[in-house]
Structure formats: C-alpha cells, structure tokens
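In what follows, every heavy atom counts, from backbone to side chain, and hydrogens, waters and symmetry copies are set aside. Counting starts at 1 for both ligands and their atoms, in listed order. When a residue number appears, it is its place in the shown sequence, counting from 1.
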Amino acid sequence: MSIVVKKWNELAEVKAELAARDWFFATSGNLSIKVTDDPLTFLVTASGKDKRKQTDEDFLLVDAAGKPAEETNLKPSAETLLHAEIYGRTNAGCVLHVHTVDNNLISELYAQNGEAVFSGQEIIKAFGIWEENAAVRIPIIDNYADIPTLAREFANYIHGDAGAVLIQNHGITVWGRTAFEAKKHLEAWEFLFRWQVKRLLLQRAGLPVG
Ligand SMILES: CSCCC(=O)C(=O)COP(=O)(O)O
Ligand SMILES: [Zn+2]
C-alpha cells in the first residue's frame, strides 16, 4: 500500500469518528495529515464538502504552500494555510479543525482574556500532564476573514509539535505528532469546553458547583 493511501485511510478514519460526534455542522471543519517531509506534502480535506460523507474526493495532496501537489479539480480547504503554517514550523503529523457550539461559546466568553484556562479535571492527563492541580490554557485569537492574515496571527501561537488555538466565534484548530494524539487532544479540549459551559449554567441557576 502506498504511503498516500495509508495516510488517506488514517485521515478518513479520524474524519468518520469526528463525523460520528457530529462535529461537522454545515460543511464546517477541515482536517489534514502529513504524507512526506522532504518535500513537505500533506493530504487536506477538499473545500466546501459535507465532511460527514465519505467519498473518493474527500482529500487532495498539497505542498508546503498549501497548493495542489497533483493535477486535480478539487479545491483545498479555504483554511489550508493554517495547516501549512503548522507543518512548516513543527513536527506535527496531523491537524484537526472543528466548529462546535461549545468551542464558539468558550471563545466568546474568554476572548477578552486572550485565552481560556482550565484546571481540576482528570481529563487534563490526556495532554500528558500528570501533576496535581495542573492547568491548561488555550489561546484565543481574532477571526480574520482574510486567511493569510488569520494564518499570520495563528502562527504566533504555534509553539510545539502538539498544540491548539481557538479562533473567536469560529472554531478550534488542534495539532499533534500523530492523528491519534491530535484527536485525543481535540476530544479533551471539547470535554473541557462542554464542562465549563454546563458548569457556568448550573452556577447561574444557583446549583452548588465549584
Ligand atoms: C461553513 S463553515 C465556513 C468555512 C470554515 O470555517 C470551514 O471550516 C470549512 O471550510 P473548508 O474550505 O475547509 O470547507
Ligand atoms: Zn473553520
């Protein structure tokens, strides 16, 4: 099996799992997986598709600049430049971007702080952090309509082979060394977002939560 087919199948599996979670509302979301390092190529979702559907045209191969690396009539995701920034700066192997109601709410609630901070939850161990009372923080950036501007701002927050950024009232982009790690981190962030939104509602209702 060629490396492209192997990576295609791996990304298709992640896509199906995120679809099962119903994280691809209204064609939103984009995913990618690195295929080669030198030259850098990666498979990225085609733009504007319903990512819940599985087809032979779900992904296309692009180069370091996010341009198609092969003849195709498919258009790479409108947000491919963000993926390209991550692969160009780190050893990440997979990038996942989803829009959810909870990640949009958290991005709005904490926008003025420039980040959202979470602590006191066992799920934080999913980030490989095992200290008691550990805190995790996720930066929140403005949602520039101009993608090169968004990618430039986003690049300021790419600091390692695994990481995550919230784009205000837009969605989360998570990356990891492997597809497994990226998905694990995405699920952990979404758990924390949902937990915090529910917790705030319960607090507002006068119920005894933290
Ligand atoms: C309808 S969502 C607007 C575009 C977007 O933010 C997104 O994630 C999907 O865009 P793509 O070009 O990757 O399909
Ligand atoms: Zn998006």
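Side chain to side chain, Q168 and N143 fail the donor-acceptor criterion of an N or O pair below 3.5 Å. Counting only N and O atoms by type, the side chains of Y157 and E115 include no donor and acceptor under 3.5 Å apart. Side chain to side chain, D58 and T55 meet the donor-acceptor criterion of an N or O pair below 3.5 Å.
Looking at K51, H97, E79, K49, it is K51 that brings a heavy atom closest to atom 11 (P) of ligand 1.
Considering backbone and side-chain N/O atoms, A26 never comes within less than 3.5 Å of an N/O atom of ligand 1. The distance criterion of under 3.5 Å between nitrogen or oxygen atoms is met by S77 with respect to ligand 1. For ligand 1, the polar-atom distance check against G29 finds a nitrogen or oxygen pair separated by under 3.5 Å. Checked against a 3.5 angstrom limit, the closest N/O atoms of S28 and ligand 1 fall outside it.
Assignment of T27 to the shell around ligand 1 is supported, since a heavy atom sits closer than 4.0 Å. Residue-ligand proximity: K75 is placed with every non-hydrogen atom at 4.0 Å or more from ligand 1.
Other residues, nucleotides and ligands contribute only 12 or fewer heavy atoms inside 6.0 Å of the CD atom of E13.
Summary: NE2 is the N/O/S atom of H99 found nearest to the Zn ion (ligand 2).
Taking the six-membered ring for Trp and thresholds of 30 and 60 degrees, H83 and F42 have nearly parallel ring planes, at less than 30 degrees apart.
We find that R89 and E85 are joined by a salt bridge, their nearest charged nitrogen and carboxylate oxygen being less than 4.0 Å apart. Using a 4.0 Å cut-off between charged nitrogen and carboxylate oxygen, E190 and R194 do not count as a salt-bridge pair.
Between OE1 of E79 and NE2 of H97, the angle at the Zn ion (ligand 2) works out to 80°, rounded to 10 degrees.
Of the protein's non-hydrogen atoms, the one nearest atom 3 (C) of ligand 1 is H99 CE1, 4.3 Å.
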